[in-house]
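We're numbering straight along the sequence, starting at 1. Quick caveat, the model's predicted, so the values are computed rather than measured. Order of listing sets the numbers, starting from 1, for every ligand and every atom in it.
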Amino acid sequence: MNEERDMADARTILAGYRASIDNIDAALIHMLAERFRCTKAVGVLKAEHGLPPADPAREQEQITRLRQLAKDAHLDPDFAEKFLNFVVREVIRHHEQIAASNGASKAG
Ligand SMILES: O=C(O)C(=O)C[C@]1(C(=O)O)C=C[C@@H](O)C=C1
């Protein structure tokens with residue numbers, strides 16, 4: 001029946017899209033892992049030199065840049081900003097933990 005074939009075709013197309021989504025999600029995880037590997041090193045550097053975990057001026061530059069990139073890529077700039085903020089808040093939390101343990105190791 002035509003309806004059954006349409007449904008089978010739709011399922012095949014959906015599976016194709018899902019395969020791409022799975023590849024993209026894997027790439028995002030790998031890119032985030034690399035970003036956090038890098039920011040961990042930044043956290044150590046900052047802690048060793050007594051630099052503050054957060055740098056609001058740098059964040060403002062990143063937001064401006066990413067909002068423009070998002071616009072050019074037809075991605076919602078508000079979403080891009082929220083995503084960056086979400087990631088950066090987690091980075092700052094890591095920086096604070098590193099600074100606390102750095103202080104503890106200096107004291108001990
Ligand atoms: O560039 C820095 O100073 C960082 O610590 C990295 C980073 C980021 O994740 O991009 C995190 C915290 C700062 O507020 C700004 C940027």
Peer 1: Nearest protein heavy atom to atom 8 (C) of ligand 1, by residue and atom, and its distance?
Peer 2: R35 NH2, 3.5 Å
Peer 1: Please determine whether residues V91 and L32 belong to a single hydrophobic cluster, defined as Ile, Leu, Val, Met, Phe, Trp and Tyr linked transitively by side-chain heavy-atom distances below 4.5 Å.
Peer 2: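 Shared cluster, yes.
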Peer 1: For ligand 1, which is the ligand I care about here, please tell me if H95 has any N or O atom under 3.5 Å from one of the ligand's N or O atoms.
Peer 2: yes
Peer 1: Take K46 and D55 through the salt bridge (Lys or Arg N to Asp or Glu O under 4.0 Å) test and state the conclusion after the steps.
Peer 2: CA-CA 11 Å; K46 284 185 164 184; D55 183 339; 5.5 Å; no
Peer 1: Answer yes if the side chains of H94 and E90 hold a donor-acceptor pair under 3.5 Å, and no otherwise.
Peer 2: yes
Peer 1: Taking 4.0 angstrom as the limit and counting only heavy atoms of V88, give me the atoms of ligand 1 inside it, by number and element.
Peer 2: 8 (C), 9 (O), 11 (C), 12 (C)
Peer 1: Do L75 and V88 belong together in a cluster built from hydrophobic side chains that touch within less than 4.5 Å?
Peer 2: no
Peer 1: Is the closest side-chain heavy-atom distance between F83 and L66 below 4.5 Å?
Peer 2: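 Side-chain contact under 4.5 Å: no.
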Peer 1: What protein heavy atom lies closest to atom 14 (O) of ligand 1? Include the residue and the distance to one decimal.
Peer 2: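 Ranking protein heavy atoms by distance from atom 14 (O) of ligand 1, first comes E59 OE2, 2.4 Å.
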Peer 1: Find all atoms of ligand 1 within a distance of less than 4.0 Å from any non-hydrogen atom belonging to D55, and give their numbers and elements.
Peer 2: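 Those qualifying, in numeric order: 13 (C), 14 (O).
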Peer 1: Just need the protein heavy atom nearest to atom 7 (C) of ligand 1, so name the residue and atom and give the distance.
Peer 2: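 Among all protein heavy atoms, the one nearest atom 7 (C) of ligand 1 is V91 CG1, 4.4 Å.
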Peer 1: Using a 4.5 Å cut-off on heavy atoms from C-beta on, say whether the side chain of Q97 contacts that of R93.
Peer 2: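 Side-chain contact under 4.5 Å: yes.
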Peer 1: List ligand 1 atoms under 4.0 Å from I92, heavy atoms only on the residue side.
Peer 2: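 Atoms satisfying the 4.0 Å criterion: 12 (C), 14 (O).
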Peer 1: Tell me whether I92 is reachable from L84 by hopping between hydrophobic residues (I, L, V, M, F, W, Y) whose side-chain heavy atoms are closer than 4.5 Å.
Peer 2: yes
Peer 1: Looking at atom 16 (C) of ligand 1, what's its closest protein heavy atom, distance included?
Peer 2: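 The answer is Q62 OE1, 3.5 Å.
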Peer 1: Which of the numbered atoms in ligand 1 are below 4.0 angstrom from a heavy atom of K46?
Peer 2: 2 (C), 3 (O), 4 (C), 5 (O)
Peer 1: With a cut-off of 4.0 Å, which atoms of ligand 1 are near a heavy atom of V42?
Peer 2: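 It comes down to these atoms of ligand 1: 4 (C), 5 (O).
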